[in-house]
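Working notes, structure below.
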Amino acid sequence: MRKVQKRQIEESFALLRKAHGAIRKWLEKGNRTNVMRLLSNCQESAIEAGNLIEKTEGEDVPAIRTIEDYCETCWQIYERTQQGEEQSPSGVYRLLQRKLAEMDSSVRLSIPVRLEVALFCCKADMSDCLESIYHAVKEDPSCDAYFVPIPYYERYPDGTFGEMHDEAEKGYPGAYDLVDWRSYDVEVRRPDIIYIMNPYDSENNMISVHPDYYSTKLRDLTDCLVYVPYHLQRAVPSPGTGSLPGVLFSDLTFVQSEDVRDRYIESFLQENEIEGMTVRTVKEKIIALGSPKTDKLTHTGREDYPLPEEWREAVSSDDPHHKIVLYNLSISGTLNSVEEGGKAYLRKIRSALEFFRDRSDVTLWLRPHSLLAQTLRFMDSQIADEYEEIIQEYREAGWGIYDDTPDLNRAVAWSDACFGDENSVALMFEFVGKPTLVQNIENVGSEPQEAGEERAVRAAVDAFVNKEEENSYVMYEAGGQTEGDRLSIADFLGHMDVILEYASVQMEKCRKMYTNADGTAGESIHKYTTALLRRARKE
C-alpha cells in the first residue's frame with residue numbers, strides 16, 4: 001500500500017474518532033436519528049477503507065477482519081438504537097473506540113507501506129544508467145517499479161520544438177516492463193521516488209524532454225527526485241556540471257566516484273547561490289555510489305547478445321587473430337572539430353573507413369552516437385548531407401557492420417577494441433579491460449598501412465601506462481608512425497597482443513576509480529534512497 005493510501009485510511013480513522021464522540025453526545029441527549037445517521041456514516045467509512053485495502057493488499061490481510069468486526073459492532077448499536085433499547089453512552093463510546101483501535105493497530109502492523117518508484121528515461125541507448133536500479137526496485141517486495149520511457153523533442157536553432165520522438169515504439173534493450181507515458185499520470189500518481197537520467201530540462205540545444213518531465217516540475221510531484229548521469233565521466237566533469245537543472249533541483253544526485261563527487265560539489269557551490277544551501281547540504285545531496293552502467297558491463301558478455309545473421313557472418317573468421325573493432329563516433333568529437341565547420345571530422349571518417357575497408361584481419365563495427373546526424377544538421381545542413389552520404393556509402397558497400405540499434409552494450413561486449421572519439425563509450429571499454437585508441441583528426445591520409453616493429457609498440461605502451469596521472473586504457477593515435485606514448489592505428493591493430501598484456505593491470509586501475517565497481521551500484525543506490533526516504537517519514 002502506498003503511503004498516500006495509508007494516510008487516507010489514517011485520516012478516515014481520525015474522523016471516526018470524532019464521530020464516536022458525537023454519537024456519545026447524541027445518545028446522552030436521546031437523539032436517536034442523529035445517532036443512527038452517524039453510525040451509518042461510520043460503517044460506510046470503514047467499508048471504504050476495507051475496499052481500499054482489498055484493492056491494494058487482497059482479501060486475506062488481518063485488517064479486513066477487524067474492519068468487518070467494527071462494521072458489525074456499528075450495525076448492532078444501530079439496531080438497538082432503532083429499537084429504542086437503553087444503552088450507556090459511555091459504554092457505546094468505549095466499545096466503538098476499542099474496535100477502532102483494533103482496526104488502527106491491524107492496519108499499522110499488517111499492512112506495510114509500499115513505495116512507488118518511477119524511472120523516466122528518454123533515450124533507449126542510455127537506459128543502462130537506470131537498469132540495475134530498476135531491477136533492484138523490482139526485487140524489493142516493499143516497492144513497486146514503473147519504468148516509463150518518456151518522449152523528447154528535436155530542437156531547431158531558434159530553440160523551438162521540432163519532431164517528437166518516443167523511442168519505446170521501437171523497443172528498449174534490457175528486461176523492462178515498459179509503462180506507456182500516456183497512461184502513467186505522474187500528477188495523479190505522485191510516486192514516492194522519481195529517477196531521471198536527463199539533467200538538462202530546456203538547457204540542451206539539440207533535444208528537450210517533454211516539458212512535463214522537467215526536473216523543475218517533477219520535484220513538486222514526488223518526495224524524492226533522483227538524478228543519475230547517463231554517461232561515465234572522467235574525474236574532472238565538464239564545467240557547469242553543478243548548475244544543470246537535474247543536479248540543481250534533484251533531492252539526490254548519484255555519481256560514479258568520490259573524485260567526481262568532489263568536482264560536482266565544487267561546481268555546485270561555485271555556480272549556484274541558493275538560500276539555505278550550505279556545503280553540508282550539498283554534500284548530503286551529491287553521493288558517490290557508482291554508476292549502474294558499470295553494473296551492466298560487469299554482468300553481461302557476448303553470450304547475452306545474440307547477433308543478427310548478417311552480423312554473425314561479418315564477425316566470423318578462421319583467423320585466430322581476427323579482431324572486431326568498434327568505430328565510435330560521438331557528438332563531442334564533432335563539436336571539438338571546429339575547423340571548416342566540421343569538415344575535418346568528416347575527412348577523418350572517410351580516411352578511417354578507407355583504412356579499415358581492405359583489412360581481412362578486422363571486422364569494423366561502426367556505431368555513431370544516436371544524435372550525431374541531428375547534431376550535424378543543427379550545425380550545418382551541408383555537413384549533415386555529406387555525413388549521411390558517407391554513412392550510406394558504407395552501408396551499401398556491406399563490408400562492415402553498421403549499428404544504429406539502441407543496445408550499446410552489445411557492441412561493447414562483442415568488440416575486442418575501440419577506435420574513434422574519446423567519450424563515455426571509451427570509458428566503458430576501459431572498464432572491461434579492452435583497449436581504446438582515440439582518433440587523431442589531424443592525420444588524415446598519413447595513417448600507416450602496415451604495423452611497425454613490436455619494440456616500438458611496447459615502448460609506447462610502457463610510456464603510456466607509466467604516466468602517473470594516467471591510469472586508463474584509452475590511448476591516443478599518433479600523427480603518423482608510433483612515437484612517444486602515441487600509437488599508429490596500424491600498430492594498434494597489428495600488435496594488439498602486446499597491448500593486451502596490460503589489460504588486467506589497466507582494468508584493475510580503472511575499476512579502483514569507481515565506487516561499487518563489483519556490479520552493485522544500482523542496488524546500493526536503491527537501498528540508500530529508500531532508507532533515506534523512510535527515515536525522513538519516520539516509517
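Computed from a prediction, not measured in an experiment: that's the story for all the values here. Counting begins at 1 with the first residue of the sequence.
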Practice item. Go through the steps to decide whether Glu447 and Ser351 satisfy the test side-chain hydrogen bond (donor to acceptor under 3.5 Å, both in side chains), and finish with yes or no. Key: CA-CA 8 Å; Glu447 301 96 338; Ser351 181; 2.7 Å; yes
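- A pairwise comparison of heavy atoms in Tyr214 and Val209 identifies CE2-O, 3.4 Å as the closest pair.
- For Phe120 and Tyr195, the gap between ring centers reaches or exceeds 6.0 Å.
- The minimum heavy-atom distance linking Ala426 with Val474 is given by the pair O-CG2, 3.9 Å.
- Counting heavy atoms from C-beta outward, Leu364 and Leu353 have side chains that approach closer than 4.5 Å.
- Nearest heavy atoms, Tyr528 versus Glu284: OH-O, 4.4 Å.
- Within the structure, every pair that satisfies the salt bridge (Lys or Arg N to Asp or Glu O under 4.0 Å) test and touches residues 287-296, not counting sequence neighbours, is listed here: Asp128-Lys293, Glu131-Lys296.
- Between atom CZ of residue Arg377 and atom CG of residue Leu371 there is a gap of 14.0 Å, rounded to the nearest 0.5 Å.
- In this structure, Met513 and Glu430 have side chains that are in contact, with non-hydrogen atoms separated by less than 4.5 Å.
- Across every non-hydrogen atom of Thr298 and Ala517, the tightest pair is OG1-O, 3.7 Å.
- With sequence neighbours excluded, the residues satisfying side chain to side chain donor-acceptor pair (under 3.5 Å) with Glu396 are Gln392.
- You'll find the side chain of Val325 stays beyond 4.5 Å of the side chain of Asp416, heavy atoms only.
- Side-chain atoms of Asp403 never come within 3.5 Å of backbone atoms of Leu366 as a donor-acceptor pair (strictly under, hydrogens ignored).
- For the pair Pro435 and Met496, the minimum side-chain heavy-atom distance is below 4.5 Å.
- With no hydrogens or angles considered, a side-chain donor-acceptor pair links Tyr176 and Ser127 at under 3.5 Å.
- Side-chain atoms of Asp251 come within 3.5 Å of backbone atoms of Leu225 as a donor-acceptor pair (strictly under, hydrogens ignored).
- Distance OH/Tyr514 to OG1/Thr294: 7.5 Å, rounded to 0.5 Å.
- In this structure, the separation between CD on Gln439 and CD1 on Ile489 is 9.0 Å, given to the nearest 0.5 Å.
- Residues passing the side-chain contact (heavy atoms from CB on, under 4.5 Å) test with Arg261, sequence neighbours excluded: Val255, Glu258, Ile265, Lys283, Ile286, Ala288.
- A donor-acceptor pair under 3.5 Å links the side-chain atoms of Thr363 to the main chain of Ala314, judged by distance alone.
- The two atoms that bring Cys121 and Phe147 nearest to each other are CB-CZ, 3.8 Å, heavy atoms only.
- No side-chain heavy atom of Tyr230 sits less than 4.5 Å from a side-chain heavy atom of Ser424.
- In this structure, Glu139 has no side chain to side chain donor-acceptor pair (under 3.5 Å) partners at least two apart in sequence or on a different chain.
- The side chain to side chain donor-acceptor pair (under 3.5 Å) test applied to Glu477 returns Lys348, Asn443, not counting sequence neighbours.
- Between Ser488 atom OG and Gln449 atom CD the span is 10.0 Å, to the nearest 0.5 Å.
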Please output the side-chain donor-acceptor pairs of residues 520-527 that fall under 3.5 Å, not counting sequence neighbours, one pair per line with the distance.
from, atom 1, to, atom 2, distance (Å)
Thr520, OG1, Asp518, OD1, 2.6
Glu523, OE2, Lys527, NZ, 3.0
Ser524, OG, Asn516, ND2, 3.4
Ser524, OG, Thr520, O, 2.8
His526, NE2, Asp140, OD2, 2.8

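- Neither side chain, Asp125 nor Tyr172, offers a donor N or O lying under 3.5 Å from an acceptor on the other.
- A ring-centre distance under 6.0 Å is not found for Phe429 and Tyr473.
- The CD atom of Glu388 lies 9.5 Å from the CG atom of Leu372; values are rounded to the nearest 0.5 Å.
- A search for side-chain contact (heavy atoms from CB on, under 4.5 Å) contacts involving Arg350 returns Glu386, Glu389, Ile390, Glu393, not counting sequence neighbours.
- Taking the charged nitrogens against the carboxylate oxygens, Asp177 and Lys138 do have a contact shorter than 4.0 Å, which makes a salt bridge.
- The pair Lys217-Asp212 meets the salt-bridge criterion, with a side-chain N (NZ, NE, NH1 or NH2) lying under 4.0 Å from an Asp/Glu carboxylate O.
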**Study point:** Residues Glu167, Tyr152; criterion side-chain hydrogen bond (donor to acceptor under 3.5 Å, both in side chains); working and verdict
**Key:** CA-CA 9 Å; Glu167 296 195 357; Tyr152 66 90; 2.9 Å; yes
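- Evaluation of the side chain to side chain donor-acceptor pair (under 3.5 Å) rule for Tyr394 yields no partner, not counting sequence neighbours.
- Among residues at least two apart or in separate chains, there is no ring-ring contact (aromatic ring centres under 6.0 Å, His included) pair with a member in residues 368-391.
- Evaluation of the salt bridge (charged side-chain N to carboxylate O under 4.0 Å, His left out) rule for Glu501 yields Arg458 as partners, not counting sequence neighbours.
- For residues 291-322, the pairs satisfying ring-ring contact (aromatic ring centres under 6.0 Å, His included) are Trp311-Trp365, with sequence neighbours left out.
- Under the 3.5 Å distance criterion, the side-chain polar atoms of Ser316 are matched with a main-chain donor or acceptor of Glu313.
- Using a 30° and 60° split on the angle between ring planes, Trp181 and Tyr213 fall in the perpendicular class, above 60°.
- Considering only heavy atoms from C-beta on, Tyr184 comes within 4.5 Å of Pro191 through its side chain.
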Review point. For Lys467 and Asp485, what are the C-alpha separation, side-chain angles and deciding distance, and is it a salt bridge (Lys or Arg N to Asp or Glu O under 4.0 Å)?
Key: CA-CA 9 Å; Lys467 279 186 173 183; Asp485 59 356; 2.5 Å; yes
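- Neither side chain, Arg219 nor Ser250, offers a donor N or O lying under 3.5 Å from an acceptor on the other.
- Cation-pi contact between Arg511 and Phe431: present, with separation from the ring centre below 6.0 Å and deviation from the ring axis of at most 45°.
- Aromatic ring centroids of Phe161 and Tyr156 lie 6.0 Å or more apart.
- A salt bridge does not link Arg357 to Glu354: none of the charged side-chain nitrogens sits closer than 4.0 Å to a carboxylate oxygen.
- With sequence neighbours left out, the side-chain contact (heavy atoms from CB on, under 4.5 Å) criterion links Asp304 to Thr300.
- Of all heavy-atom pairs between Asp166 and Pro149, the closest is OD1-O, 4.5 Å.
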